[in-house]
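Heads up: the structure comes next, in structure tokens.
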Amino acid sequence: MTVENIMTRDVTCCGPDETLDRAAQIMWERDCGCVPVLSDGRVVGMITDRDCCMAAYTKGQPLSAIRVGDAMAREVRFCGPREGLATVEERMREYQIRRMPVIEDDGRLVGIVSLNDLALAAERGRGQTGFPTTAEIFDTLAVISHHRGRPQQLEAE
């Protein structure tokens, strides 16, 4: 079983010069918590609902006043469509991420895969080879959810 069998293919993206209110609108309309950020057709970042909230809080500004490029994660962990589910799940654990853009060899975004996609695949493929087990999904969620540490005090910029 590979990523292309379970990924979401119809992904709405935004650009780094758009504002966070546009990213939030996309998340609301698509019922998702993360949007890939594209520049010249390439993934240059990821913006999450949490990124939007934290940027507004720490900057003391409305979402409409903050650029996506100022709040997005720039280090993007991604996978390929033909990678196995176990490989992607391990990468999610290693980097403590719930979603990964799926990028073709030519650099083109072709989808996104999430921990939710893996959980649904585990349910569909219960007992079949190549599918994650529910225990593996639980372990991955536990690793991803482990706190990496929090700052003692947040300062507004």
Side-chain angles (χ1 to χ4, degrees), residues 3-4 6-81 83 85-103 107-123 132 134-157:
V3 170
E4 63 191 341
I6 69 166
M7 70 183 187
T8 299
R9 294 174 186 277
D10 182 25
V11 180
T12 302
C13 304
C14 64
D17 291 327
E18 293 186 70
T19 58
L20 292 184
D21 62 337
R22 175 63 183 137
Q25 178 186 13
I26 292 169
M27 289 180 218
W28 178 261
E29 290 172 354
R30 299 301 308 261
D31 190 25
C32 63
C34 167
V35 177
V37 182
L38 299 185
S39 180
D40 296 324
R42 303 280 187 221
V43 177
V44 295
M46 295 288 281
I47 187 81
T48 67
D49 48 3
R50 184 176 191 281
D51 294 332
C52 293
C53 292
M54 296 308 295
Y57 175 75
T58 60
K59 294 180 182 299
Q61 297 178 332
L63 296 179
S64 60
I66 305 168
R67 289 178 50 250
V68 168
D70 294 333
M72 70 184 188
R74 294 178 186 282
E75 189 170 348
V76 179
R77 306 297 181 177
F78 61 90
C79 62
E83 287 190 58
L85 300 185
T87 301
V88 171
E89 190 175 357
E90 180 56 40
R91 202 169 305 142
M92 287 178 170
R93 286 183 196 148
E94 180 180 352
Y95 296 110
Q96 290 186 287
I97 54 176
R98 290 174 171 79
R99 307 162 193 98
M100 294 178 76
V102 182
I103 299 177
R108 188 174 38 93
L109 178 71
V110 294
I112 194 162
V113 65
S114 68
L115 184 59
N116 186 57
D117 294 325
L118 290 169
L120 293 173
E123 181 181 30
T134 53
E136 289 168 339
I137 296 297
F138 177 81
D139 289 345
T140 298
L141 177 59
V143 169
I144 290 170
S145 300
H146 183 74
H147 290 286
R148 291 174 271 189
R150 293 188 186 146
Q152 293 298 320
Q153 182 178 352
L154 291 175
E155 295 178 355
E157 291 182 10

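Side chains are part of it too, since the values below use all heavy atoms of this structure and drop only hydrogens, waters and symmetry mates.
Note: T140 OG1 to L118 CG = 7.5 Å, rounded to the nearest 0.5 Å. Taking CG of N116 as the reference point, atom CG of L141 lies at 11.0 Å (rounded to 0.5 Å). Here CE of M100 is found 12.0 Å from CG of L115. Values are rounded to the nearest 0.5 Å.
Within the 4.5 Å cutoff, no side-chain heavy atoms of R42 are placed close to those of L109. Counting heavy atoms from C-beta on, the side chains of R67 and M72 never come closer than 4.5 Å. In this structure, D21 and Q25 have side chains that are not in contact, with every pair of non-hydrogen atoms separated by 4.5 Å or more.
Looking at residues two or more places apart in sequence or on another chain, you find a salt bridge (charged side-chain N to carboxylate O under 4.0 Å, His left out) between D10 and R30.
Of the possible polar contacts, one joining the D51 side chain to the T48 backbone as a donor-acceptor pair under 3.5 Å is found. Without hydrogens or angle criteria, E83 side chain to G80 main chain gives a donor-acceptor distance under 3.5 Å. Checking side-chain atoms of R98 against main-chain N and O of S114 turns up no donor-acceptor pair under 3.5 Å. Distance alone, capped at 3.5 Å, is enough to place a donor-acceptor pair between the R74 side chain and the G69 backbone. Looking only at distances, no side-chain donor or acceptor of E18 sits under 3.5 Å from a matching main-chain atom of A23. Between the R99 side chain and the C32 main chain, no donor and acceptor come within less than 3.5 Å of each other.
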If you apply the rule side-chain contact (heavy atoms from CB on, under 4.5 Å), what do you find for V35 with T12, and how did you get there? CA-CA 7 Å; V35 177; T12 302; 5.8 Å; no
Run the numbers on L38 and V43 for side-chain contact (heavy atoms from CB on, under 4.5 Å), then give the verdict. CA-CA 5 Å; L38 299 185; V43 177; 3.5 Å; yes
As a quick check of understanding, evaluate side-chain contact (heavy atoms from CB on, under 4.5 Å) for D17 and V68, giving each step before the final call. CA-CA 6 Å; D17 291 327; V68 168; over 6 Å; no
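One finds a salt bridge joining R93 and E90 here, because a Lys/Arg side-chain nitrogen approaches an Asp/Glu carboxylate oxygen to under 4.0 Å.
Around the CD atom of E75, the shell of radius 6.0 Å holds no more than 12 heavy atoms that belong to other residues, nucleotides or ligands.
Each of C13, C34, C14, P16 was evaluated against I47; a single residue qualifies, C14, per the side chain to side chain contact (heavy atoms under 4.5 Å, CB included) test.
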